[in-house]
Amino acid sequence: MTNMSQVYLNGEFLPPDQARVSVFDRGFIFGDGIYEVIPVFGGRLFRLPQHLARLEASLAAIRLHNPHTAQEWSGIFTRLLAQEPRADRDTETGTGDHSIYLQVTRGVAARDHAFPQNVTPTVFAYAQPLKYSPPEQLAQGVAAVTTEDIRWSRCDIKSIALLANALLRQQAIEQGAAEAILVRDGVVTEGAASNIFIVKKNRLLTAPKGTYILPGITRDLVVEIAGANDIACDELPVSIEALHAADEVWMTSSTKEILPITRIDGHPVGKGTPGPMHARLFALYKEYKQAFIRGKVD
Ligand code: PLP
């Protein structure tokens, strides 16, 4: 951690070991805050307006005022990236790609569940190199397990309170899997830190937006790319039976991109290898990403 470049905290850019937050910060005491993770490809913030819109929606949902305008956020991210080595590199291998993590908490106050009055939110952000999935995971896919979705019923809020997600992901890891696929009342919601797509007879299917899933920016992009390329894509409830009978299953997130899941609960998905629809969608996604890096799309 200490060799990380400077982080942003409440208006200052500091080495991480000099950045200090009060033990009475409501983020620390209650998990009372919101976060975002924004990928940076070839030095450009990918889908920034969408990430900032989701941030705004999450802050509004917990009744916290957005402390910065879009322009101010951009300024913070740009300065964080400027100190990163090779943040502006455009390479096929991903070298030089980064992610921005940001969080806003309700600030520092004496411990009381009720909101404090006139408290300044705590704002923290940093940039770090983006760790891509190892090539063998893309080539072979990863394993997942299904688990009961034990989270609360406002999963659309990108809350920093991630205890349930951490427990579920850890449970998956301990079962030799990379992700937990969460199931609520027999319906697949999403992954512990990803959205889930299934493919059946060349049609994509993913959970509809609502309070039981995070509206993933990568999910939306996959839906958009499918739409633009005449690939059928339904946003409808995915039953556990449909998951188990799928030809292909993928997880999507800003850092995992579109990763095939080829084993679920110890059983192969389809043929047990990444499928042709993944190859097609991922190629289209990479094309889009390259166009973005070259400034051809926003
Ligand atoms: N769902 C959950 C619970 C997540 O934590 C994440 C990302 O971390 C996602 C979905 C994917 O969202 P995005 O594509 O915006 O990264």
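First listed ligand is number 1; within each ligand, the first listed atom is number 1.
- Atom 1 (N) of ligand 1 has its closest protein heavy atom at Glu190 OE1, 2.7 Å.
- The aromatic rings of His68 and Trp73 lie perpendicular to each other, with more than 60° between the two planes, well past the 30° mark.
- Here the heavy atom of the protein found nearest to atom 5 (O) of ligand 1 is Ala193 CA, 3.4 Å.
- A cation-pi arrangement is present between Arg79 and Phe13, with the terminal nitrogen or guanidinium carbon under 6.0 Å from the aromatic centre and inside a 45° cone about the axis.
- For atom 14 (O) of ligand 1, the closest heavy atom belonging to the protein is Thr218 OG1, 2.6 Å.
- Hydrophobic clustering, defined by side-chain heavy atoms of Ile, Leu, Val, Met, Phe, Trp and Tyr closer than 4.5 Å, leaves Leu214 isolated from every other such residue.
- The shortest N or O to N or O distance between Ser254 and ligand 1 is below 3.5 Å.
- Judged by distance alone, with hydrogens and angles left aside, the side-chain atoms of Glu248 form no donor-acceptor pair with the main-chain N or O of Lys200 at under 3.5 Å.
- Using a non-hydrogen distance threshold of 4.0 Å, Val37 does not register as a contact of ligand 1.
- Contact analysis leaves Pro215 out of contact with ligand 1, as no non-hydrogen atom separation drops below 4.0 angstrom.
- Shown in contact with Ser253 at under 4.0 Å from a heavy atom are these atoms of ligand 1, numbered in order with element: 11 (C), 14 (O), 16 (O).
- Here is the list of ligand 1 atoms found below 4.0 Å of a heavy atom in Ala192: 3 (C).
- Listed by chain and number, the hydrophobic cluster partners of Leu167 are Leu163, where partners are ILVMFWY side chains within reach of under 4.5 Å, directly or through others.
- In the model, Ser5 has a side-chain atom that pairs as donor or acceptor with a side-chain atom of Glu84 under 3.5 Å.
- Of the heavy atoms in Cys155, none comes closer than 4.0 Å to ligand 1.
- What sits closest to atom 11 (C) of ligand 1 on the protein, heavy atoms only, is Asn195 OD1, 3.6 Å.
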*Might you work through the salt bridge (Lys or Arg N to Asp or Glu O under 4.0 Å) test for Glu174 and Arg169, ending with a clear yes or no?*
CA-CA 9 Å; Glu174 287 171 10; Arg169 174 61 75 81; over 6 Å; no

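- The closest heavy-atom contact to atom 15 (O) of ligand 1, among the options Arg219, Gln50, Arg54, Lys158, comes from Arg54.
- For Phe41 and Phe292, the ring centers sit 6.0 Å or farther from each other.
- Looking at atom 12 (O) of ligand 1, its nearest protein heavy atom turns out to be Gly216 CA, 3.5 Å.
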